[in-house]
K.L.:
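If you scroll down you'll find the structure; I have some questions about it.
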Amino acid sequence: MVAVSSDVEQGIRDDRIAKVEAMRRDGVDPYPARTPPRAEVAAVRADHGALEPGAESGQSLWVAGRITGRRGHGKAIFLDLADRTGQIQLHATLDVLGSDGLAAVADSDLGDVVAVHGDVFCSRRGELTLRVREWRPLAKCLRPLPEKHHGLADVEGRYRQRYLDLLVNDDALRIALARTAIVTAVRGVLDGDGFTEVETPALQPIYGGGAARPFVTRYNEYERDFYLRIADELYLKRLIVGGLERVYEIAKDFRNEGVSFKRNPEFTMLEWYEAYADYEVAMERTERVVAAAGAAAGSEIDLAPPWPRIPLRDAIHERAGIDPMADRDLGRLVAFMRERDIDTSADVTWAHAVDHLLSHFVEPALERPTFLVDYPVELSPFAKASPASPGLVERFEAFCVGMEIANGYSELNDPAEQRARFEEARAAAAAGDEEAHPMDEDFLLALEYGMPPTAGVGIGIDRLTMALTGVRSIREVILFPTLRPR
RNA sequence: GGGCCGUUAGCUCAGCUGGUAGAGCAGGGGACUUUUAAUCCCAAGGUCGCAGGUUCGAUCCCUGCACGGCCCA
């Protein structure tokens, strides 16, 4: 189906389709399979950037890319051609091409993909330019591109047609490339530290490893419902039981919940697990992983280790002005927040209220990279209890530019206590908590074979990319964010 | 899920608390052989998100819906 929104666009499209048909009649393949061996624009600039205005290089070469600008002068035409590395000017003249050759160039439209052979020279105004000797169409652009000076500003349009966003908005490409550089840097650190990258199931008979509602799907062969994973955690720990000792996975997780500026239903999570280590070791590695990612993304945030480690209790006390752990009384915390006009309707337990105080008073204030440590056990069903502090677990979260970027802990490896935590979750589910963790007997079976002391970390790649590129919406760092179908 | 805001030409945007819409770029025609947001001349381009309502008359006011954004949950 071809969607055309107006007669204007239809007219442009008809006109360009007619050009394609005319090319075929003239024996020119409008969509050839082969591209001449070509130089990338950045390489041409690197080789010839020193030419003086008016100077000839004496060299000829091919470039290929999209036509992004055109300035006609009757018997000559200036054009701009862009590939992924940059933009270069073309000069097509009647003298060189003859009338038919110049007509072929004049028939091109902004957005066409072409290959051009020409002589490299520097124009009188000092612009590196290719004097066109051969012009070969590679792919016709049938639709007008977004306006070149203002780009594509319509947010919905940018997400639904990301290819246009990437073509005309420099920032879109910058963020996409930064994200890839971050993932590559993360792999570099972990591979260098002797970690094994693994793949665990995205289709799971029981979901787990987090507090979230899952997507449910149907596997016909087994006549059973399966879940799309909400986390990798429980499978990666099975591999720790299996003796792999250092494993990581970078994978899509799926959570069946609302969208917001920091939530997309599918998102990318890095998790790593390290045997014979605790959360102190995990924090040090987190510092190194994030610092490497920041360097790769060109971030100007100072990520140099070590980052401050502040007990969660102290951080809340200092920022909010209330000691959340003086007792475990939900009512005291709720009353405190209500006095400040904070909606506490979702705070059904003391631990929820602590988390709310954290996200309301503390998280937005943590600009510099910071670890908060030692969380209530109720918020952390897979973390090992703190030997020194009853009711707390050895857990940390890392924050930067007012955003959570990492979460880790010393892993609970006592199968009896893990079973008790599952039972508590089952009670919460029975009481109506739709995000409560389901019982997982198969995981408990693995723990009963003995999991060494282990530290684990999860880093949301999307949020890390947001922090390191300075954007506010998760949809800016996901090439194709989940949108309601039109 | 709730509140607020937005939706006008292919793109970027104007549009006076009601009288059937304008500009720039892109596209079309013409001039121009060193321009680079080229310049100049001419002409064209609209389901004002969708559906109702109020009104003599609605892009404008009201209601509902769709999609999106921001904030809250």
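First the proteins, then the strands, lettered A, B, ... as listed; each starts at 1.
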K.L.:
Considering every strand shown, what is the Watson-Crick or G-U wobble mate of B:A44 when both distances are under 3.5 Å?
P.N.:
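Looking at the geometry, B:A44 pairs with no nucleotide.
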
K.L.:
Any carboxylate oxygen within less than 4.0 angstrom of a Lys/Arg side-chain nitrogen, looking at A:Arg136 and A:Glu134?
P.N.:
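Salt bridge between A:Arg136 and A:Glu134, a charged N being under 4.0 Å from a carboxylate O: yes.
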
K.L.:
Roughly, in whole Å, what's the span from CZ in A:Arg484 to P in B:U7?
P.N.:
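Between P of B:U7 and CZ of A:Arg484: 20 Å.
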
K.L.:
Map A:Thr482 and A:Ala153 onto RNA chain B by nearest heavy atom, then report which one ends up closer to the 5' terminus.
P.N.:
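Nearer the 5' end of the strand: A:Ala153.
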
K.L.:
Does B:A14 have a Watson-Crick or wobble partner in any strand here, with both distances under 3.5 angstrom, and which is it?
P.N.:
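Pair assignment: B:A14 / none.
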
K.L.:
Can a donor-acceptor pair under 3.5 Å be found between the side-chain atoms of A:Arg71 and the base atoms of B:U35?
P.N.:
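Between B:U35 and A:Arg71, which were checked side chain against base, a qualifying N/O pair under 3.5 Å is present.
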
K.L.:
Base, sugar-phosphate, or nothing for A:Arg263, non-hydrogen atoms under 4.0 angstrom?
P.N.:
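No contact.
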
K.L.:
Could you work out the separation of B:C13 and B:G1 based on their P atoms and round it to a whole Å?
P.N.:
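Straight-line distance between the two P atoms is 29 Å.
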
K.L.:
NA contact type, A:Arg158, heavy-atom cut-off 4.0 Å: base, sugar-phosphate, or nothing?
P.N.:
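No contact at all - A:Arg158 keeps every heavy atom at 4.0 Å or more from the nucleic acid.
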
K.L.:
So that I can tick it off, tell me whether A:Arg229 and A:Asp232 are bridged by a salt bridge, with the cut-off set at under 4.0 angstrom between side-chain N and carboxylate O.
P.N.:
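Here A:Asp232 pairs with A:Arg229 in a salt bridge, since their nearest N and O are under 4.0 Å apart.
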
K.L.:
Write down the distance between NZ (A:Lys262) and C1' (B:C70), rounded to a whole number of angstrom.
P.N.:
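Nearest whole value for this atom pair: 15 Å.
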
K.L.:
What's the base orientation of B:U20: syn (chi within 90° of 0) or anti?
P.N.:
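Syn for B:U20; the angle stays within 90° of 0.
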
K.L.:
As a test of understanding, state which of A:Glu394, A:Arg421, A:Arg395 forms a side-chain hydrogen bond (donor to acceptor under 3.5 Å, both in side chains) with A:Ser380.
P.N.:
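Of A:Glu394, A:Arg421, A:Arg395, side-chain hydrogen bond (donor to acceptor under 3.5 Å, both in side chains) with A:Ser380 is met by A:Arg395 alone.
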
K.L.:
Under 4.0 Å between a Lys/Arg side-chain N and an Asp/Glu carboxylate O for A:Lys252 and A:Glu266?
P.N.:
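Salt bridge: yes.
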
K.L.:
If I take atom CD in residue A:Glu147 and atom P in nucleotide B:C25, what distance separates them, rounded to the nearest angstrom?
P.N.:
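So the two atoms are 9 Å apart, to the nearest Å.
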
K.L.:
Suppose we define a pair by two distances each less than 3.5 Å, Watson-Crick or G-U wobble; what does B:G68 pair with here?
P.N.:
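Answer to the pairing question: B:C5, which forms a Watson-Crick or G-U pair with B:G68.
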
K.L.:
Would you say A:Arg45's side chain and A:Gln87's backbone share a donor-acceptor pair under 3.5 angstrom?
P.N.:
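Yes, the answer is positive, given that a donor and an acceptor are paired below the 3.5 Å cut-off.
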
K.L.:
With respect to the side chain of A:Pro144, which nucleotide from B:G10, B:U36, B:U33 is positioned closest?
P.N.:
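The nucleotide sitting nearest to the side chain is B:G10.
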
K.L.:
Which base, if any, makes a Watson-Crick or G-U wobble pair with B:C60, both distances under 3.5 Å?
P.N.:
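Paired with no nucleotide.
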
K.L.:
Can you figure out which of B:G69, B:C71, B:G28 approaches the side chain of A:Asp15 most closely?
P.N.:
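So the nucleotide nearest the side chain must be B:G28.
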
K.L.:
Take atom C1' in B:U59 and the same atom in B:G49, then report the distance between them in whole Å.
P.N.:
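So the two C1' atoms sit 12 Å from each other.
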
K.L.:
Between B:U33, B:G27, B:U34, which nucleotide gets closest to the side-chain atoms of A:Arg70?
P.N.:
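Within the option list, the nearest is B:G27.
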
K.L.:
Which value, in whole Å, describes the distance between the C1' atoms of nucleotides B:U34 and B:G30?
P.N.:
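Approximately 22 Å lies between the C1' atom of B:U34 and that of B:G30.
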
K.L.:
Provide the distance between the two P atoms, one in B:U17 and one in B:U12, to the nearest whole Å.
P.N.:
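B:U17 and B:U12 have their P atoms separated by 27 Å.
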
K.L.:
How far, in whole Å, is B:G19 from B:A58 if one measures between their P atoms?
P.N.:
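Nearest-Å result for B:A58 against B:G19 at atom P: 11 Å.
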
K.L.:
For A:Ile77, answer base if it contacts any base atom (sugar-phosphate contacts may also be present), sugar-phosphate if it contacts only those atoms, and nothing otherwise; contact means non-hydrogen atoms under 4.0 Å.
P.N.:
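Here A:Ile77 touches no strand at all.
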
K.L.:
Check whether any side-chain N or O of A:Arg475 sits under 4.0 Å from OP1 or OP2 of B:G69, and answer yes or no.
P.N.:
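Answer yes for this pair, as a side-chain N or O of A:Arg475 is under 4.0 Å from OP1 or OP2.
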
K.L.:
Categorize A:Arg472 for me: base, sugar-phosphate, or nothing, with a 4.0 angstrom heavy-atom threshold over every strand shown.
P.N.:
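No contact.
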
K.L.:
Select base, sugar-phosphate, or nothing to describe what A:Gly54 touches, counting heavy atoms under 4.0 Å on all strands.
P.N.:
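Touches nothing.
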
K.L.:
For atom C1', what is the distance between B:A23 and B:C62, given to the nearest Å?
P.N.:
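One C1' to the other, the span is 31 Å.
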
K.L.:
A:Arg16 or A:His356: which one's nearest nucleotide on RNA chain B is closer to the 5' end?
P.N.:
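Residue closer to the 5' terminus by nearest nucleotide: A:Arg16.
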
K.L.:
Regarding A:His360, tell me which of base, sugar-phosphate or nothing describes its non-hydrogen contacts under 4.0 Å with the strands shown.
P.N.:
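Nothing, no nucleic acid heavy atom in range.
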
K.L.:
With a 4.0 Å cut-off, would you call A:Asp80 and A:Arg71 a salt bridge?
P.N.:
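Looking at A:Asp80 and A:Arg71, the cut-off is met.
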
K.L.:
Given the structure, check if the side chain of A:Gln89 and the base of B:U35 hold any donor-acceptor pair shorter than 3.5 Å.
P.N.:
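Counting by modelled atom types and ignoring angles, a donor-acceptor contact under 3.5 Å is found here.
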
K.L.:
What is the distance from CG of A:Leu152 to C1' of B:U12, rounded to the nearest Å?
P.N.:
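Value for this atom pair: 10 Å.
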
K.L.:
Could you tell me whether A:Arg131 contacts a base, only the sugar-phosphate backbone, or nothing, with contacts defined as non-hydrogen atoms closer than 4.0 Å?
P.N.:
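Nothing: the residue A:Arg131, judged by heavy atoms under 4.0 Å, touches no strand.
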
K.L.:
Report the nucleotide, chosen from B:U36, B:U33, B:C67, that has the shortest atom-to-atom distance to any side-chain atom of A:Lys75.
P.N.:
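Within the option list, the nearest is B:U33.
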
K.L.:
Roughly, in whole Å, what's the span from CG in A:Leu128 to C1' in B:U36?
P.N.:
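A:Leu128 atom CG is separated from B:U36 atom C1' by 13 Å.
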
K.L.:
Taking donor-acceptor contacts at under 3.5 Å, does the side chain of A:Thr129 reach the base of B:U34?
P.N.:
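Counting by modelled atom types and ignoring angles, no donor-acceptor contact under 3.5 Å is found here.
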
K.L.:
So if I take every side-chain heavy atom of A:His73 and compare against B:C71, B:G68, B:A38, which nucleotide ends up nearest?
P.N.:
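Nearest to the side-chain atoms of A:His73, counting from C-beta on, is B:A38.
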
K.L.:
Under 4.0 Å between a side-chain nitrogen and a carboxylate oxygen: does that hold for A:Arg368 and A:Asp302?
P.N.:
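A salt bridge is present here (some side-chain N lies under 4.0 Å from a carboxylate O).
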
K.L.:
Would A:Asp112 and A:Arg66 pass as an ion pair if we require N to O under 4.0 Å?
P.N.:
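A salt bridge is absent here (no side-chain N lies under 4.0 Å from a carboxylate O).
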
K.L.:
Separation of A:Ile12 atom CD1 from B:C25 atom C1', in whole Å?
P.N.:
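Taking atom C1' of B:C25 as the reference, CD1 of A:Ile12 is at 12 Å.
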
K.L.:
Can you measure A:His149 atom NE2 to B:C11 atom C1' for me and round it to whole angstrom units?
P.N.:
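To the nearest whole Å, that distance equals 11 Å.
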
K.L.:
Looking at B:G68, I'd like to know if its phosphate oxygens (OP1 or OP2) sit under 4.0 Å from a side-chain N or O belonging to A:Arg160.
P.N.:
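Yes, A:Arg160 has a side-chain N/O under 4.0 Å of OP1/OP2 on B:G68.
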
K.L.:
Decide whether a cation-pi geometry holds between A:Arg340 and A:Phe336; the criteria are a distance under 6.0 Å from NZ or CZ to the six-membered ring centre and an angle within 45° of the ring axis.
P.N.:
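Flagged: A:Arg340 positioned over aromatic ring of A:Phe336.
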
K.L.:
Is any N or O donor-acceptor pair between the side chain of A:Asp95 and the base of B:U33 shorter than 3.5 Å?
P.N.:
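When only heavy-atom distances are counted, A:Asp95 does reach the base of B:U33 through a donor-acceptor pair under 3.5 Å.
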
K.L.:
With rounding to whole Å, what would you report as the distance between B:A66 and B:C56 at their P atoms?
P.N.:
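Looking at atom P only, B:A66 and B:C56 are 32 Å apart.
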
K.L.:
Between B:U47 and B:C42, how far apart are the two P atoms, rounded to whole Å?
P.N.:
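That atom pair is separated by 26 Å.
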
K.L.:
Could you tell me how far apart A:Leu167 (CG) and B:C11 (P) are, to the nearest whole angstrom?
P.N.:
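Going from A:Leu167 (CG) to B:C11 (P), I get 15 Å.
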
